[in-house]
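Okay, structure first, notes after.
Source: prediction; values computed, not measured.
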Amino acid sequence: RFFSVAANASVIPSTPIKMKAFNGSETEDINTSQLFTDKKVVVFGVPGAFTPVCSNQHVPGFIEKAHSLASLGIDTIACVSVNDHFVMKAWAEKLNTGPQVLMVSDPTAEFTKSIGMDVDLTAGGLGVRSTRYAMVVDNGTVKQVMKEDSPGALDASSVDAVLAKLK
């Protein structure tokens with residue numbers, strides 16, 4: 001792991017971790033430098049695309065309140081999931097994320113593992129996935145970390161919790 005997000009003020013180093021991002025119109029390669037440098041970013045991780053809490057509450061909350069986040073200085077909202085980019089694109093289209101939420105695939109969980117947010121959900125048939133979390137990252141420095149105690153919970157990492165931390 002290249003850093004731990006357990007402590008605020010951790011710096012996300014520029015790494016060659018390759019992920020794919022769907023920005024509402026096209027899929028592109030992206031790395032941590034492109035995602036975090038010179039931007040204030042809310043990144044939130046979800047256990048899986050098309051799963052109930054993620055699809056019905058977590059992502060829709062960020063879509064709905066994207067303008068509120070922007071008014072507080074957030075440049076990018078990124079949803080990271082351990083899924084391939086085809087799944088993330090289909091999920092973005094199903095949820096109608098548009099350009100408000102950048103849907104980022106982390107197919108090998110490389111980024112997720114590197115920040116210590118991986119969880120083994122093999123018992124539930126999902127394999128290694130991301131725990132549910134949200135982070136506020138300012139120019140590559142983690143300012144806030146909000147992590148759920150279980151994959152089905154949505155309190156600490158909800159859009160409302162993030163908004164409360166930003167105000």
Side-chain angles (χ1 to χ4, degrees), residues 5 17-32 34-36 39-72 74-115 117-137 144-166:
V5 297
I17 292 173
K18 281 212 160 181
M19 300 176 284
K20 294 261 188 195
F22 181 69
N23 64 13
S25 61
E26 62 184 349
T27 301
E28 59 190 355
D29 288 328
I30 191 168
N31 61 39
T32 56
Q34 292 166 302
L35 186 57
F36 298 112
K39 296 177 202 144
K40 192 168 185 181
V41 179
V42 169
V43 58
F44 66 103
V46 296
F50 294 102
T51 56
V53 174
C54 304
S55 293
N56 298 330
Q57 298 172 48
H58 209 179
V59 177
F62 280 94
I63 296 166
E64 180 182 314
K65 297 190 178 176
H67 293 294
S68 297
L69 290 164
S71 74
L72 294 171
I74 298 300
D75 300 302
T76 304
I77 303 166
C79 173
V80 177
S81 185
V82 180
N83 288 106
D84 66 65
H85 66 280
F86 297 107
V87 169
M88 292 300 282
K89 181 177 187 249
W91 193 33
E93 290 170 347
K94 172 81 174 160
L95 295 177
N96 204 13
T97 60
Q100 290 90 345
V101 177
L102 186 67
M103 301 297 278
V104 180
S105 73
D106 182 18
T108 62
E110 187 176 2
F111 173 75
T112 300
K113 288 177 181 177
S114 73
I115 63 170
M117 291 295 185
D118 55 305
V119 61
D120 188 351
L121 298 177
T122 302
L126 296 174
V128 174
R129 295 296 180 120
S130 172
T131 191
R132 189 177 308 283
Y133 70 90
M135 295 189 299
V136 177
V137 182
Q144 299 283 339
V145 179
M146 297 142 278
K147 182 179 175 185
E148 301 294 349
D149 292 329
S150 74
L154 181 59
D155 296 306
S157 67
S158 71
V159 69
D160 290 330
V162 172
L163 285 165
K165 294 279 186 183
L166 290 170

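Sorted by first then second residue, the salt bridge (Lys or Arg N to Asp or Glu O under 4.0 Å) pairs that include residues 41-64, not counting sequence neighbours, number zero. Judged as a side-chain hydrogen bond (donor to acceptor under 3.5 Å, both in side chains), the pairs with a partner in residues 125-134 (not counting sequence neighbours) are, in order, His58-Arg132.
Here Lys40 pairs with Ile74, Asp75, Val136, Asp138, Leu166 under the side-chain contact (heavy atoms from CB on, under 4.5 Å) rule; sequence neighbours left out. In this structure Ala161 satisfies the side-chain contact (heavy atoms from CB on, under 4.5 Å) test together with Ser158, sequence neighbours excluded. Residues passing the side-chain contact (heavy atoms from CB on, under 4.5 Å) test with Lys165 are Gln144, Met146, sequence neighbours excluded. Looking at residues two or more places apart in sequence or on another chain, you find no side-chain hydrogen bond (donor to acceptor under 3.5 Å, both in side chains) involving Gln100. Listed by chain and number, the residues in a side-chain hydrogen bond (donor to acceptor under 3.5 Å, both in side chains) with Asn56 amount to none (sequence neighbours excluded). Shown here are the side-chain hydrogen bond (donor to acceptor under 3.5 Å, both in side chains) partners of Ser55, two or more places apart in sequence or in another chain: Trp91. The side-chain contact (heavy atoms from CB on, under 4.5 Å) check on Ser71 picks up nothing, with sequence neighbours excluded. Lys65 is linked by a side-chain hydrogen bond (donor to acceptor under 3.5 Å, both in side chains) to Asp160, counting only residues two or more places apart in sequence or in another chain.
Surrounding CG of Asp120 are more than 12 heavy atoms belonging to other residues, nucleotides or ligands, all under 6.0 Å away.
Between Val101 and Cys79, the shortest heavy-atom distance links the atoms CG1-CB, 3.9 Å. Contact between Val87 and Ala49 at its shortest, heavy atoms only, is CG1-CB, 3.5 Å. Contact between Glu148 and Ser157 at its shortest, heavy atoms only, is OE2-N, 2.6 Å. Looking at every heavy atom in both residues, Ser81 comes nearest to Gly48 through OG-CA, 3.6 Å.
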Review item, side-chain donor-acceptor pairs of residues 92-99, under 3.5 Å, at least two apart:
{"from": "Glu93", "atom 1": "OE2", "to": "Lys89", "atom 2": "NZ", "distance (Å)": "3.3"}

